[in-house]
Amino acid sequence: MTFNRIAVYGHRGWASSAIFDALVSSGAPLKVLYRPGSDVSSLPSNVAKVKVDVENQEQLIAALQDVDIVISLVGHEGLTRQLGFVKAIPRTNVKIFVPSDLGIRVLDEQGLRVPVNKTKAEVEKTAHAAGIPTTVVVPGCFAESAFSIGIMGIDYPGNRIVFTGDSANQQVNICTRNYVAAAYAQIFASTPPAQLQGRIIGLSEIKATANEIVAALKRKYGKEPEIIAHSLEKVENEVDTCIEKGVPLSLAWWCRKTWGNGKLVKGVGDDIWEVKGYEKATLEGLLVDGRLESYRNVHPQVTQAFYSMFN
């Protein structure tokens, strides 16, 4: 087996740490690019560690000389820093740039006005203009956050759910963090870069309608969950209001909208990567049998903001 030489930027987050661990376990030669001040003392000794300021082009170019694939896993606050890689990669032998996404493709004009989506699109557009081959991975929603903190209108601990538009009958695409991590390892560790360039790869572990989630909640708690109904018109207005006023809930409202109008599953695309040898989670296992793992610690004000969207 021939491994790809991989550089990872952004390895400490809730999702990115699991992806990084899976890449380490794959056996592929890894290099962590970390910002000054970041603590890398706990990283495995077989992982190369390079301190870089992505705004320092000469430094970044030197760090990328022996790399085939650059995987960015930065959170929302770091998306614009990826432009440093876009400037540097044409002066290296890097074969693929994997920008941070971990969501869905944006298929509507309103979605492209949501700040996070807009920044992601600008990074990809700039990379393509520079002639850099990209691969984007889109898993839809993470189970651990979608079910637990209210972002998608599902309150698993509180046994309630928001029906947005036709979400009762439309599917949401959900993946656990462990599934996404396993997929990244299988996709990038040894697949020839030529087979990955230019692809938007979807991941799909669970698909379920809101009605199916309601049935699972009823089996879990022995009673019907509380159901709140929001029209698509209401949600679209909420997206616009949040964008205009700079309220950081536009992404959550827009994600609910894509579920309610059937575009969420379409946003994962048709190029679905099936993780070989992986036993997928099920709705029954996660919600009824209680196998849903915890999400990262979320500030109470953030949780309160998401729960305010149940009104």
Side-chain angles (χ1 to χ4, degrees), residues 15 102-104 107-108 111 138-180 202-239 242 249-268 272 279-296 298 300 302-311:
L102 295 177
I104 64 171
L107 302 175
D108 65 298
V138 285
C141 306
F142 279 99
E144 295 84 354
S145 57
F147 288 132
S148 296
I149 64 171
I151 188 170
M152 291 301 296
I154 306 166
D155 179 10
Y156 173 53
N159 193 27
R160 57 181 181 159
I161 187 170
V162 176
F163 280 7
T164 302
D166 190 37
S167 65
N169 303 300
Q170 299 292 337
Q171 291 180 320
V172 61
N173 190 89
I174 295 174
C175 294
T176 60
R177 176 175 67 160
N178 288 337
Y179 187 79
V180 174
L203 305 179
S204 185
E205 189 174 12
I206 298 170
K207 288 180 182 175
T209 66
N211 277 335
E212 290 169 329
I213 295 171
V214 165
L217 290 173
K218 183 178 180 181
R219 291 194 295 275
K220 172 65 175 179
Y221 293 105
K223 63 179 182 179
E224 293 281 351
E226 178 187 357
I227 297 175
I228 302 101
H230 288 167
S231 68
L232 284 177
E233 181 181 8
K234 169 186 168 59
V235 174
E236 288 174 352
N237 289 337
E238 294 285 359
V239 175
C242 289
L249 290 175
S250 57
L251 179 63
W253 282 114
W254 175 78
C255 288
R256 292 187 186 187
K257 169 190 166 182
T258 62
W259 184 7
N261 65 15
K263 290 185 178 179
L264 197 154
V265 169
K266 292 179 181 178
V268 177
I272 303 297
E279 184 178 352
K280 291 184 177 182
T282 64
L283 201 63
E284 187 81 7
L286 294 180
L287 299 188
V288 182
D289 299 336
R291 296 178 194 151
L292 179 67
E293 295 187 0
S294 60
Y295 187 48
R296 63 179 174 83
V298 177
V302 175
T303 303
Q304 184 177 7
F306 287 141
Y307 283 161
S308 73
M309 296 168 63
F310 281 67
N311 298 325

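We number each residue from 1, following the sequence as shown.
- With sequence neighbours left out, the side chain to side chain contact (heavy atoms under 4.5 Å, CB included) criterion links Asp289 to Glu284, Arg291.
- Residue pairs that meet the salt bridge (charged side-chain N to carboxylate O under 4.0 Å, His left out) test with at least one member in residues 159-174, sequence neighbours left out, are Asp155-Arg160.
- Here Glu293 pairs with nothing under the salt bridge (charged side-chain N to carboxylate O under 4.0 Å, His left out) rule; sequence neighbours left out.
- At least one test fails for Arg256 against the ring of Trp259: distance under 6.0 Å to the centre or angle within 45° of the axis.
- Within the structure, every pair that satisfies the ring pair (Phe, Tyr, Trp, His ring centres under 6.0 Å) test and touches residues 139-172, not counting sequence neighbours, is listed here: Trp14-Phe142.
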Please tabulate, for the side chains in residues 227-235, all donor-acceptor contacts under 3.5 angstrom to protein atoms that are two or more places apart in sequence or on a different chain.
residue	atom	partner	partner atom	Å
His230	NE2	Asn311	O	2.7
Ser231	OG	Lys234	N	3.0
Lys234	NZ	Glu238	OE2	3.1

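- The CZ atom of Phe306 sits 8.5 Å away from atom OG of Ser145, with the distance rounded to the nearest 0.5 Å.
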| query | What's the verdict on side chain to side chain contact (heavy atoms under 4.5 Å, CB included) for Val268 and Leu203, showing C-alpha distance, side-chain angles and the deciding distance? | reply | CA-CA 7 Å; Val268 177; Leu203 305 179; 5.9 Å; no

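- The CG atom of Asn159 sits 6.0 Å away from atom OH of Tyr221, with the distance rounded to the nearest 0.5 Å.
- Contacts of Trp254 classified as ring pair (Phe, Tyr, Trp, His ring centres under 6.0 Å), with partners at least two apart in sequence or in another chain: none.
- If you check the side chains of Ser294 and Glu144, you find no donor sitting under 3.5 Å from an acceptor.
- Here Lys266 pairs with nothing under the side-chain hydrogen bond (donor to acceptor under 3.5 Å, both in side chains) rule; sequence neighbours left out.
- In this view, Tyr307 and Phe310 satisfy the ring pair (Phe, Tyr, Trp, His ring centres under 6.0 Å) rule, not counting sequence neighbours.
- For Ser204, the side chain to side chain contact (heavy atoms under 4.5 Å, CB included) test picks out Asn173, Lys207, Ile272, with sequence neighbours left out.
- For the salt bridge (charged side-chain N to carboxylate O under 4.0 Å, His left out) test, residues two or more places apart in sequence or in another chain that qualify with Asp108 are Lys257.
- Here the SG-CG distance, from Cys242 to Asn237, works out to 11.0 Å after rounding to the nearest 0.5 Å.
- Partners of Glu224 according to the salt bridge (charged side-chain N to carboxylate O under 4.0 Å, His left out) rule, which considers only residues two or more places apart in sequence or in another chain, are Lys218.
- For the salt bridge (charged side-chain N to carboxylate O under 4.0 Å, His left out) test, no residue two or more places apart in sequence or in another chain qualifies with Glu212.
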